[in-house]
> 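Mind having a look at this structure? Questions to follow.
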Amino acid sequence: MNLEEIREFCLSFPSVTEDIKWGNDLCFLIGGKMFAVAGLDTGQLSFKCTPERFAELTEKDGIVPAPYVARYHWVLVEKLDAIDEDELEDLVSKSYMMVWQNLPENVRKTLSKQ
């Protein structure tokens, strides 16, 4: 997967917005909360995962704890070929769902109506 394919995939989820932060990082958000960040300069991707998957993923070459947010179980995929496309899509989907489920109920209801 390349960054444009990742962008299209992330924007395919309901109510997702995108924003450029920290200079040149493309952030994907649901209800104002990030679920994935793509480095436009670096070609890297960060996303949230479960503690179990965090431990598994950071054992792989090319995947490290994400700077500043590893304590929240975010990983940084340094090389997009470090993980196959199907697994990457599954992990990003799960990141979206984790963030969605942690949104306040009134925010989820508002977003569902859009």
Side-chain angles (χ1 to χ4, degrees):
M1 260 183 133
N2 62 39
L3 287 181
E4 185 56 35
E5 292 169 327
I6 290 169
R7 179 178 179 267
E8 288 176 23
F9 181 71
C10 288
L11 292 174
S12 72
F13 296 115
S15 304
V16 169
T17 59
E18 62 183 339
D19 189 19
I20 301 286
K21 296 185 186 290
W22 310 297
N24 214 15
D25 289 330
L26 182 58
C27 302
F28 300 98
L29 306 98
I30 177 71
K33 303 290 183 177
M34 288 185 291
F35 71 91
V37 178
L40 297 175
D41 290 339
T42 63
Q44 299 175 335
L45 180 68
S46 296
F47 52 85
K48 184 175 183 60
C49 56
T50 65
E52 297 80 19
R53 289 297 285 160
F54 178 85
E56 291 171 20
L57 290 168
T58 54
E59 298 272 324
K60 292 185 177 193
D61 273 347
I63 303 177
V64 298
Y68 309 110
V69 289
R71 67 182 173 270
Y72 303 114
H73 305 110
W74 278 68
V75 294
L76 172 65
V77 180
E78 295 177 313
K79 298 176 269 178
L80 294 178
D81 61 355
I83 193 164
D84 71 58
E85 186 173 328
D86 290 337
E87 186 176 8
L88 185 60
E89 286 181 356
D90 181 59
L91 289 163
V92 171
S93 297
K94 288 179 177 169
S95 178
Y96 170 86
M97 287 308 301
M98 282 189 285
V99 173
W100 170 262
Q101 291 168 348
N102 284 323
L103 292 173
E105 188 173 340
N106 63 331
V107 173
R108 287 195 312 258
K109 284 182 181 178
T110 301
L111 291 173
S112 294
K113 292 177 184 177
Q114 294 179 351

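Along the sequence shown, residues are numbered consecutively beginning with 1.
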> Do the ring planes of F13 and F9 sit parallel (below 30°), tilted (30 to 60°) or perpendicular (above 60°)?
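F13 and F9: perpendicular rings.
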> Crowded around D84 CG? As in, over 12 foreign heavy atoms under 6.0 Å?
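Atom CG in D84 is crowded, with more than 12 foreign heavy atoms closer than 6.0 Å.
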> Counting C-beta onward and ignoring hydrogens, is there a side-chain heavy-atom pair between N2 and E5 closer than 4.5 Å?
yes
> Do L76 and L88 sit in the same hydrophobic cluster, where Ile, Leu, Val, Met, Phe, Trp and Tyr count as joined when their side-chain heavy atoms come under 4.5 Å apart?
no
> Compare all side-chain heavy atoms of L40 with those of R7 and state whether any distance is below 4.5 angstrom.
no
> I'd like to check L111 versus P14 (side-chain heavy atoms, cut-off strictly below 4.5 Å). Are they in contact?
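No - every pair of side-chain heavy atoms lies 4.5 Å or more apart.
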> More than 12 heavy atoms of other residues, nucleotides or ligands under 6.0 Å from CD of E105: is that the case?
no
> List the atom pairs, donor and acceptor, that lie under 3.5 Å between side-chain atoms in residues 19-38 and the rest of the protein, sequence neighbours left out.
from: D19; atom 1: OD2; to: K21; atom 2: NZ; distance (Å): 3.1
from: N24; atom 1: ND2; to: D41; atom 2: OD1; distance (Å): 2.5
from: N24; atom 1: ND2; to: D41; atom 2: OD2; distance (Å): 3.4

> Please examine the side chains of T50 and M98, heavy atoms only from C-beta on, and report whether any two atoms are closer than 4.5 Å.
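In short, these two side chains touch, coming nearer than 4.5 Å.
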> Minimum heavy-atom separation for E59 and A55, please, with both atom names.
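Heavy atoms of E59 and A55 come nearest at CG-O, 3.1 Å.
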> Using a 4.5 Å cut-off on heavy atoms from C-beta on, say whether the side chain of V69 contacts that of S46.
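No, too far: nothing below the 4.5 Å cut-off.
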> Please report the C-alpha distance between I6 and V92 in whole Å, then the side-chain angles of each, then the deciding distance to 0.1 Å, and finally whether the side chain to side chain contact (heavy atoms under 4.5 Å, CB included) criterion is met.
CA-CA 9 Å; I6 290 169; V92 171; 5.8 Å; no
> What I'd like to find out is whether the side chain of W100 reaches to under 4.5 Å of the side chain of S112, using heavy atoms alone.
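Yes, at least one pair of side-chain atoms sits under 4.5 Å.
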> For residues V75 and L91, determine if any side-chain heavy atom of one lies less than 4.5 Å from a side-chain heavy atom of the other.
no
> Could you go through the side chain to side chain contact (heavy atoms under 4.5 Å, CB included) check for L57 and E87 one step at a time?
CA-CA 11 Å; L57 290 168; E87 186 176 8; 4.3 Å; yes
